[in-house]
Number of protein chains: 2
Amino acid sequence: MEILEAAARLFAARGFHGVSIEDIGAAVGTSGPALYRHFSGKEALLSEMLLDISERLHASAAARVTAAPDAEHALDALLTGQIEFALGHPALITVHDRELGNVPEPARRQIRRLQRLYVEEWVTVLSELHPGCPPPRLRAATHAVFGLLNSTPHSAGELPPEAMAPLLRAMARAAFTEAGN
Amino acid sequence: MEILEAAARLFAARGFHGVSIEDIGAAVGTSGPALYRHFSGKEALLSEMLLDISERLHASAAARVTAAPDAEHALDALLTGQIEFALGHPALITVHDRELGNVPEPARRQIRRLQRLYVEEWVTVLSELHPGCPPPRLRAATHAVFGLLNSTPHSAGELPPEAMAPLLRAMARAAFTEAGN
DNA sequence: CGTGGATGTTAGTCATCATTAACGTAACCG
DNA sequence: CGGTTACGTTAATGATGACTAACATCCACG
(Lines give C-alpha, C1' and ligand atoms only; values in the text may rest on other atoms or scores of the structure.)
Protein backbone atom coordinates (compact mmCIF):
# COMPACT_ATOMS: atom_id res chain seq x y z
CA MET A 1 0.00 0.00 0.00
CA GLU A 2 1.22 3.42 -0.93
CA ILE A 3 -0.06 4.88 2.33
CA LEU A 4 2.06 2.53 4.41
CA GLU A 5 5.17 3.35 2.40
CA ALA A 6 4.71 7.07 2.88
CA ALA A 7 3.87 6.70 6.55
CA ALA A 8 6.97 4.56 7.07
CA ARG A 9 9.19 7.22 5.58
CA LEU A 10 7.66 9.88 7.80
CA PHE A 11 7.75 7.75 10.95
CA ALA A 12 11.38 6.87 10.29
CA ALA A 13 12.30 10.52 9.93
CA ARG A 14 10.35 12.11 12.76
CA GLY A 15 8.95 9.32 14.95
CA PHE A 16 5.39 8.12 15.37
CA HIS A 17 4.22 11.02 17.52
CA GLY A 18 6.08 13.53 15.40
CA VAL A 19 3.93 12.82 12.37
CA SER A 20 0.30 13.90 12.05
CA ILE A 21 -2.46 12.16 10.14
CA GLU A 22 -2.58 15.30 8.04
CA ASP A 23 1.12 14.88 7.19
CA ILE A 24 0.57 11.34 6.00
CA GLY A 25 -2.43 12.38 3.94
CA ALA A 26 -0.44 15.17 2.32
CA ALA A 27 2.34 12.71 1.47
CA VAL A 28 -0.06 10.59 -0.57
CA GLY A 29 -1.87 13.46 -2.22
CA THR A 30 -5.05 13.37 -0.19
CA SER A 31 -5.78 15.48 2.82
CA GLY A 32 -5.98 14.18 6.34
CA PRO A 33 -9.15 12.39 7.35
CA ALA A 34 -9.37 10.57 4.02
CA LEU A 35 -7.09 7.97 5.60
CA TYR A 36 -9.86 6.86 7.93
CA ARG A 37 -11.43 5.16 4.90
CA HIS A 38 -8.44 2.80 4.92
CA PHE A 39 -7.35 2.56 8.56
CA SER A 40 -9.38 2.74 11.72
CA GLY A 41 -6.84 5.06 13.31
CA LYS A 42 -3.23 6.09 13.59
CA GLU A 43 -2.25 3.26 15.91
CA ALA A 44 -3.97 0.72 13.67
CA LEU A 45 -1.93 2.02 10.77
CA LEU A 46 1.27 1.50 12.73
CA SER A 47 0.15 -1.95 13.87
CA GLU A 48 -0.56 -3.04 10.33
CA MET A 49 2.75 -1.70 9.15
CA LEU A 50 4.84 -3.50 11.77
CA LEU A 51 2.82 -6.67 11.42
CA ASP A 52 3.40 -6.66 7.69
CA ILE A 53 7.14 -6.16 8.09
CA SER A 54 7.48 -8.85 10.74
CA GLU A 55 5.54 -11.29 8.62
CA ARG A 56 7.58 -10.62 5.54
CA LEU A 57 10.86 -11.02 7.40
CA HIS A 58 9.79 -14.19 9.12
CA ALA A 59 8.21 -15.79 6.07
CA SER A 60 11.23 -15.01 3.93
CA ALA A 61 13.59 -16.41 6.55
CA ALA A 62 11.60 -19.61 7.00
CA ALA A 63 11.44 -20.17 3.25
CA ARG A 64 15.13 -19.55 2.76
CA VAL A 65 16.16 -21.85 5.59
CA THR A 66 14.05 -24.78 4.42
CA ALA A 67 15.27 -24.30 0.85
CA ALA A 68 18.94 -24.37 1.85
CA PRO A 69 20.89 -27.64 1.53
CA ASP A 70 22.84 -27.14 4.74
CA ALA A 71 23.37 -24.73 7.62
CA GLU A 72 26.20 -22.95 5.87
CA HIS A 73 24.02 -22.05 2.91
CA ALA A 74 21.11 -21.28 5.20
CA LEU A 75 23.11 -18.64 7.02
CA ASP A 76 24.16 -17.14 3.72
CA ALA A 77 20.57 -17.01 2.60
CA LEU A 78 19.46 -15.39 5.85
CA LEU A 79 22.16 -12.76 5.48
CA THR A 80 21.15 -12.11 1.90
CA GLY A 81 17.54 -11.63 2.86
CA GLN A 82 18.23 -9.29 5.74
CA ILE A 83 20.75 -7.24 3.75
CA GLU A 84 18.39 -6.91 0.80
CA PHE A 85 15.64 -5.76 3.09
CA ALA A 86 17.83 -3.33 5.01
CA LEU A 87 19.26 -1.77 1.87
CA GLY A 88 15.98 -1.81 -0.04
CA HIS A 89 13.65 -0.53 2.66
CA PRO A 90 15.62 1.48 5.18
CA ALA A 91 12.53 3.28 6.46
CA LEU A 92 10.76 0.02 7.24
CA ILE A 93 13.80 -1.29 9.09
CA THR A 94 14.06 1.87 11.11
CA VAL A 95 10.41 1.90 12.11
CA HIS A 96 10.51 -1.81 12.82
CA ASP A 97 13.02 -1.53 15.61
CA ARG A 98 11.96 1.82 17.00
CA GLU A 99 8.21 1.97 17.19
CA LEU A 100 7.11 -1.31 18.70
CA GLY A 101 6.48 0.55 21.93
CA ASN A 102 3.72 2.58 20.30
CA VAL A 103 1.75 -0.40 19.07
CA PRO A 104 -1.35 -1.12 21.20
CA GLU A 105 -1.62 -4.43 22.98
CA PRO A 106 -3.59 -6.74 20.77
CA ALA A 107 -1.12 -6.41 17.89
CA ARG A 108 1.97 -5.88 20.02
CA ARG A 109 2.04 -9.46 21.21
CA GLN A 110 1.69 -10.82 17.69
CA ILE A 111 4.55 -8.70 16.41
CA ARG A 112 6.79 -9.75 19.26
CA ARG A 113 5.95 -13.34 18.49
CA LEU A 114 6.96 -12.97 14.85
CA GLN A 115 10.15 -11.17 15.79
CA ARG A 116 11.00 -13.94 18.21
CA LEU A 117 10.35 -16.56 15.56
CA TYR A 118 12.56 -14.66 13.16
CA VAL A 119 15.41 -14.59 15.64
CA GLU A 120 14.93 -18.29 16.35
CA GLU A 121 15.40 -19.09 12.66
CA TRP A 122 18.83 -17.56 12.94
CA VAL A 123 19.63 -19.16 16.27
CA THR A 124 18.65 -22.60 14.98
CA VAL A 125 20.97 -22.29 12.00
CA LEU A 126 23.78 -20.92 14.14
CA SER A 127 23.34 -23.72 16.67
CA GLU A 128 24.00 -26.21 13.94
CA LEU A 129 27.08 -24.32 12.84
CA HIS A 130 28.42 -23.83 16.37
CA PRO A 131 27.23 -26.73 18.47
CA GLY A 132 28.22 -26.29 22.07
CA CYS A 133 27.71 -22.56 21.95
CA PRO A 134 24.92 -21.71 24.40
CA PRO A 135 21.76 -20.36 22.72
CA PRO A 136 21.59 -17.16 24.79
CA ARG A 137 25.00 -16.25 23.46
CA LEU A 138 23.85 -16.96 19.92
CA ARG A 139 20.73 -14.88 20.48
CA ALA A 140 22.79 -11.94 21.71
CA ALA A 141 25.13 -12.36 18.75
CA THR A 142 22.16 -12.37 16.39
CA HIS A 143 20.81 -9.14 17.83
CA ALA A 144 24.26 -7.64 17.52
CA VAL A 145 24.48 -8.62 13.86
CA PHE A 146 21.02 -7.17 13.24
CA GLY A 147 22.33 -3.92 14.67
CA LEU A 148 25.29 -4.15 12.32
CA LEU A 149 23.18 -4.84 9.25
CA ASN A 150 20.54 -2.28 10.13
CA SER A 151 23.15 0.45 10.47
CA THR A 152 22.47 1.18 6.82
CA PRO A 153 20.19 4.15 7.42
CA HIS A 154 22.97 5.80 9.47
CA SER A 155 25.74 5.38 6.94
CA ALA A 156 23.51 6.43 4.05
CA GLY A 157 25.65 7.54 1.18
CA GLU A 158 29.05 6.47 2.46
CA LEU A 159 29.16 3.64 -0.04
CA PRO A 160 26.99 2.63 -3.00
CA PRO A 161 24.71 -0.34 -2.27
CA GLU A 162 26.74 -2.62 -4.55
CA ALA A 163 29.73 -2.08 -2.29
CA MET A 164 27.77 -1.92 0.96
CA ALA A 165 26.08 -5.30 0.59
CA PRO A 166 29.22 -7.44 0.36
CA LEU A 167 30.90 -5.41 3.10
CA LEU A 168 28.02 -5.96 5.48
CA ARG A 169 27.89 -9.63 4.61
CA ALA A 170 31.61 -10.13 5.22
CA MET A 171 31.53 -8.25 8.52
CA ALA A 172 28.48 -10.16 9.70
CA ARG A 173 30.00 -13.53 8.84
CA ALA A 174 33.22 -12.68 10.61
CA ALA A 175 31.34 -11.49 13.66
CA PHE A 176 29.27 -14.68 13.82
CA THR A 177 32.33 -16.87 13.41
CA GLU A 178 34.03 -15.08 16.26
CA ALA A 179 30.90 -15.30 18.43
CA GLY A 180 30.86 -19.07 17.98
CA ASN A 181 34.05 -19.55 20.00
CA MET B 1 21.71 16.24 36.19
CA GLU B 2 18.91 14.06 37.45
CA ILE B 3 16.43 15.66 35.07
CA LEU B 4 18.46 14.70 32.01
CA GLU B 5 18.77 11.11 33.19
CA ALA B 6 15.03 10.78 33.71
CA ALA B 7 14.23 12.50 30.43
CA ALA B 8 16.63 10.21 28.59
CA ARG B 9 14.91 7.13 29.95
CA LEU B 10 11.53 8.46 28.91
CA PHE B 11 12.67 9.60 25.46
CA ALA B 12 14.32 6.24 24.85
CA ALA B 13 11.13 4.42 25.74
CA ARG B 14 8.49 6.53 24.02
CA GLY B 15 10.27 9.00 21.74
CA PHE B 16 10.69 12.76 22.11
CA HIS B 17 7.16 13.67 21.07
CA GLY B 18 5.69 10.81 23.08
CA VAL B 19 6.84 12.33 26.36
CA SER B 20 5.30 15.43 27.91
CA ILE B 21 6.99 17.99 30.10
CA GLU B 22 4.59 16.90 32.79
CA ASP B 23 5.85 13.30 32.43
CA ILE B 24 9.43 14.39 32.93
CA GLY B 25 8.49 16.51 35.92
CA ALA B 26 6.65 13.60 37.49
CA ALA B 27 9.68 11.38 36.95
CA VAL B 28 11.84 13.68 39.07
CA GLY B 29 9.26 14.33 41.77
CA THR B 30 8.23 17.84 40.74
CA SER B 31 5.29 18.72 38.61
CA GLY B 32 5.53 20.04 35.08
CA PRO B 33 6.42 23.67 34.65
CA ALA B 34 9.01 23.53 37.42
CA LEU B 35 11.42 22.35 34.73
CA TYR B 36 11.38 25.75 33.11
CA ARG B 37 13.55 26.93 36.00
CA HIS B 38 16.27 24.67 34.61
CA PHE B 39 15.67 24.55 30.85
CA SER B 40 14.30 27.14 28.50
CA GLY B 41 12.09 24.56 26.81
CA LYS B 42 11.65 20.98 25.77
CA GLU B 43 13.83 21.25 22.69
CA ALA B 44 16.57 22.96 24.69
CA LEU B 45 16.50 20.05 27.10
CA LEU B 46 16.99 17.61 24.25
CA SER B 47 19.73 19.73 22.74
CA GLU B 48 21.64 19.86 25.98
CA MET B 49 21.26 16.15 26.43
CA LEU B 50 22.57 15.21 22.99
CA LEU B 51 25.33 17.78 23.17
CA ASP B 52 26.47 16.37 26.48
CA ILE B 53 26.51 12.82 25.15
CA SER B 54 28.39 13.78 21.98
CA GLU B 55 30.95 15.69 23.95
CA ARG B 56 31.54 12.87 26.39
CA LEU B 57 31.94 10.33 23.62
CA HIS B 58 34.27 12.50 21.60
CA ALA B 59 36.37 13.67 24.53
CA SER B 60 36.75 10.15 25.84
CA ALA B 61 37.75 8.87 22.42
CA ALA B 62 40.31 11.61 21.83
CA ALA B 63 41.85 11.03 25.24
CA ARG B 64 42.04 7.28 24.78
CA VAL B 65 43.59 7.53 21.34
CA THR B 66 46.32 9.95 22.37
CA ALA B 67 47.10 7.86 25.46
CA ALA B 68 47.52 4.64 23.45
CA PRO B 69 51.02 3.52 22.46
CA ASP B 70 49.97 2.32 19.01
CA ALA B 71 46.97 1.90 16.73
CA GLU B 72 46.29 -1.60 17.94
CA HIS B 73 45.89 -0.45 21.53
CA ALA B 74 44.03 2.64 20.40
CA LEU B 75 41.34 0.53 18.73
CA ASP B 76 41.06 -1.57 21.84
CA ALA B 77 40.64 1.54 23.95
CA LEU B 78 37.99 2.92 21.61
CA LEU B 79 36.09 -0.34 21.79
CA THR B 80 36.33 -0.37 25.56
CA GLY B 81 34.97 3.15 25.79
CA GLN B 82 32.06 2.58 23.45
CA ILE B 83 31.13 -0.73 25.05
CA GLU B 84 31.25 0.73 28.54
CA PHE B 85 29.03 3.58 27.45
CA ALA B 86 26.57 1.37 25.60
CA LEU B 87 26.25 -1.09 28.47
CA GLY B 88 26.26 1.59 31.17
CA HIS B 89 23.87 4.09 29.61
CA PRO B 90 21.59 2.32 27.16
CA ALA B 91 19.00 5.09 27.28
CA LEU B 92 21.56 7.72 26.32
CA ILE B 93 22.78 5.61 23.42
CA THR B 94 19.26 5.08 22.19
CA VAL B 95 18.36 8.74 22.31
CA HIS B 96 21.66 9.71 20.79
CA ASP B 97 21.04 7.91 17.54
CA ARG B 98 17.30 8.43 17.29
CA GLU B 99 16.48 11.97 18.23
CA LEU B 100 18.96 14.15 16.38
CA GLY B 101 16.18 15.03 13.98
CA ASN B 102 14.26 16.77 16.74
CA VAL B 103 17.09 19.07 17.78
CA PRO B 104 16.63 22.64 16.51
CA GLU B 105 19.20 24.10 14.17
CA PRO B 106 21.69 26.00 16.26
CA ALA B 107 22.60 22.95 18.33
CA ARG B 108 22.02 20.39 15.59
CA ARG B 109 25.08 21.44 13.64
CA GLN B 110 27.29 21.28 16.71
CA ILE B 111 26.13 17.78 17.57
CA ARG B 112 26.69 16.57 14.02
CA ARG B 113 30.16 18.06 14.17
CA LEU B 114 31.03 16.19 17.35
CA GLN B 115 29.60 12.97 15.98
CA ARG B 116 31.67 13.38 12.84
CA LEU B 117 34.79 14.01 14.90
CA TYR B 118 34.07 10.93 16.95
CA VAL B 119 33.76 8.80 13.82
CA GLU B 120 36.97 10.30 12.48
CA GLU B 121 38.86 9.21 15.58
CA TRP B 122 37.93 5.66 14.70
CA VAL B 123 38.64 6.07 11.01
CA THR B 124 42.07 7.52 11.70
CA VAL B 125 43.03 4.58 13.88
CA LEU B 126 41.62 2.09 11.40
CA SER B 127 43.46 3.76 8.54
CA GLU B 128 46.68 3.12 10.34
CA LEU B 129 45.73 -0.50 10.90
CA HIS B 130 44.52 -1.06 7.35
CA PRO B 131 46.46 1.25 5.07
CA GLY B 132 45.20 1.05 1.53
CA CYS B 133 41.63 0.57 2.64
CA PRO B 134 39.63 3.57 1.35
CA PRO B 135 38.29 5.85 4.12
CA PRO B 136 34.64 5.70 2.96
CA ARG B 137 34.77 1.96 3.43
CA LEU B 138 36.25 2.40 6.90
CA ARG B 139 33.58 4.96 7.73
CA ALA B 140 30.83 2.59 6.66
CA ALA B 141 32.47 -0.19 8.68
CA THR B 142 32.65 2.07 11.71
CA HIS B 143 28.95 2.89 11.49
CA ALA B 144 28.22 -0.80 11.16
CA VAL B 145 30.22 -1.60 14.28
CA PHE B 146 28.42 1.17 16.16
CA GLY B 147 25.19 -0.54 15.19
CA LEU B 148 26.58 -3.80 16.50
CA LEU B 149 27.73 -2.33 19.80
CA ASN B 150 24.61 -0.27 20.30
CA SER B 151 22.38 -3.30 19.86
CA THR B 152 22.61 -3.70 23.61
CA PRO B 153 19.23 -2.11 24.38
CA HIS B 154 17.58 -4.66 22.06
CA SER B 155 19.18 -7.74 23.53
CA ALA B 156 18.62 -6.58 27.09
CA GLY B 157 18.77 -9.51 29.42
CA GLU B 158 20.02 -12.15 27.00
CA LEU B 159 23.41 -12.16 28.67
CA PRO B 160 24.83 -10.55 31.83
CA PRO B 161 27.03 -7.52 31.12
CA GLU B 162 30.19 -9.41 32.13
CA ALA B 163 29.54 -11.83 29.29
CA MET B 164 28.13 -9.28 26.87
CA ALA B 165 31.11 -6.94 26.94
CA PRO B 166 33.75 -9.45 25.77
CA LEU B 167 31.35 -10.90 23.21
CA LEU B 168 30.71 -7.50 21.66
CA ARG B 169 34.39 -6.69 21.69
CA ALA B 170 35.33 -9.94 19.94
CA MET B 171 32.61 -9.56 17.32
CA ALA B 172 33.55 -5.95 16.65
CA ARG B 173 37.24 -6.76 16.24
CA ALA B 174 36.49 -9.61 13.87
CA ALA B 175 34.17 -7.42 11.84
CA PHE B 176 36.79 -4.68 11.56
CA THR B 177 39.49 -7.12 10.56
CA GLU B 178 37.28 -8.50 7.82
CA ALA B 179 36.36 -4.98 6.65
CA GLY B 180 40.02 -4.17 6.21
CA ASN B 181 40.42 -6.58 3.31
C1' DC C 1 -31.37 5.87 -15.72
C1' DG C 2 -30.50 5.21 -10.66
C1' DT C 3 -28.96 3.53 -6.69
C1' DG C 4 -25.44 1.93 -3.55
C1' DG C 5 -20.72 1.51 -2.17
C1' DA C 6 -16.17 3.27 -2.10
C1' DT C 7 -13.66 7.32 -1.42
C1' DG C 8 -12.83 12.43 -0.74
C1' DT C 9 -13.74 17.05 1.16
C1' DT C 10 -14.32 20.62 4.66
C1' DA C 11 -15.82 22.05 9.22
C1' DG C 12 -16.37 20.92 13.75
C1' DT C 13 -15.19 18.75 18.58
C1' DC C 14 -12.45 17.51 22.43
C1' DA C 15 -7.90 16.32 24.39
C1' DT C 16 -3.47 17.00 25.10
C1' DC C 17 0.46 19.81 25.43
C1' DA C 18 4.11 23.46 25.59
C1' DT C 19 4.60 27.58 27.48
C1' DT C 20 3.57 31.62 30.46
C1' DA C 21 1.44 34.18 34.48
C1' DA C 22 0.81 35.07 39.06
C1' DC C 23 1.69 33.81 43.20
C1' DG C 24 4.22 31.35 47.54
C1' DT C 25 8.30 30.02 50.36
C1' DA C 26 12.54 29.35 52.26
C1' DA C 27 17.43 30.09 52.57
C1' DC C 28 20.98 33.42 52.54
C1' DC C 29 23.12 38.00 53.12
C1' DG C 30 23.30 42.98 54.00
C1' DC D 1 14.91 42.34 60.21
C1' DG D 2 14.35 43.59 54.59
C1' DG D 3 15.20 41.84 50.19
C1' DT D 4 16.96 39.24 46.72
C1' DT D 5 17.57 34.71 44.65
C1' DA D 6 16.35 30.05 43.69
C1' DC D 7 12.84 27.10 43.13
C1' DG D 8 7.95 25.32 43.28
C1' DT D 9 2.98 25.66 42.88
C1' DT D 10 -1.53 26.02 40.46
C1' DA D 11 -4.21 28.45 36.80
C1' DA D 12 -4.63 30.30 32.22
C1' DT D 13 -3.61 30.51 27.10
C1' DG D 14 -3.04 29.05 22.47
C1' DA D 15 -1.63 25.41 19.23
C1' DT D 16 -1.82 21.30 17.43
C1' DG D 17 -3.84 17.07 16.36
C1' DA D 18 -6.81 12.75 16.39
C1' DC D 19 -11.06 11.70 15.21
C1' DT D 20 -16.13 12.45 13.71
C1' DA D 21 -19.96 14.61 10.98
C1' DA D 22 -22.18 16.14 7.05
C1' DC D 23 -21.87 16.51 2.69
C1' DA D 24 -20.12 15.58 -2.46
C1' DT D 25 -18.48 12.47 -6.42
C1' DC D 26 -17.98 8.81 -9.20
C1' DC D 27 -18.31 4.36 -10.86
C1' DA D 28 -20.27 -0.25 -11.33
C1' DC D 29 -24.10 -2.91 -11.97
C1' DG D 30 -29.16 -3.70 -11.80
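Sequence lines set the chain letters: A, B, ... in the order given, protein chains first and strands last, and positions in each chain run from 1.
Counting any heavy atom pair closer than 4.0 Å across all strands shown, B:G32 reaches no nucleic acid atom.
The distance from atom CZ of B:R14 to atom C1' of C:dT16 is 13 Å, rounded to the nearest whole Å. In this structure, the CZ atom of B:R37 is 7 Å from the C1' atom of D:dG8, given to the nearest Å. Spacing between atom CG of B:L45 and atom C1' of C:dA18 amounts to 13 Å, rounded to whole angstrom units. Distance CG (B:D23) to C1' (C:dA18): 12 Å, rounded to an integer number of Å. In this structure, CZ of A:F39 is placed 16 Å from P of C:dA6, rounded to the nearest angstrom. Going from atom CD1 of B:I24 over to atom C1' of C:dA18 covers 11 Å, rounded to whole Å. Going from atom CD1 of B:I21 over to atom C1' of D:dT9 covers 16 Å, rounded to whole Å. Across the protein-nucleic acid pair, B:E22 atom CD and D:dG8 atom P stand 14 Å apart, rounded to whole Å.
For B:S31, taking side-chain heavy atoms from C-beta onward, the closest of the listed nucleotides D:dT9, C:dC17, C:dT9 is D:dT9. Distance from the side chain of A:T30 is smallest for C:dG8 among the nucleotides C:dG8, D:dT9, C:dT10. Across C:dT19, D:dT20, D:dG8, the shortest atom-to-atom separation from the side chain of A:Y36 is found for D:dT20. Nearest to the side chain of B:P33, among C:dG8, C:dA18, D:dA11, sits D:dA11. Side-chain proximity of A:H38 to the nucleotides D:dA18, C:dT7, D:dT9 is greatest for C:dT7.
Between A:E99 and A:F16, the shortest heavy-atom contact is OE2-N, 3.1 Å.
Residues A:R116 and A:E120 are not paired through a salt bridge, judged by the lack of any N-O separation under 4.0 Å between the basic side chain and the carboxylate.
The aromatic rings of A:H89 and A:F85 lie tilted to each other, with the angle between the two planes from 30° to 60°.
B:F11 has its side chain within reach of B:I24: a pair of non-hydrogen atoms, C-beta onward, lies under 4.5 Å apart.
Each of B:D70, B:V125, B:V65 was evaluated against B:L75; a single residue qualifies, B:V125, per the side-chain contact (heavy atoms from CB on, under 4.5 Å) test.
Dashed line: the shortest gap from a side-chain N or O of B:H17 to OP1 or OP2 of D:dT16 is not under 4.0 Å.
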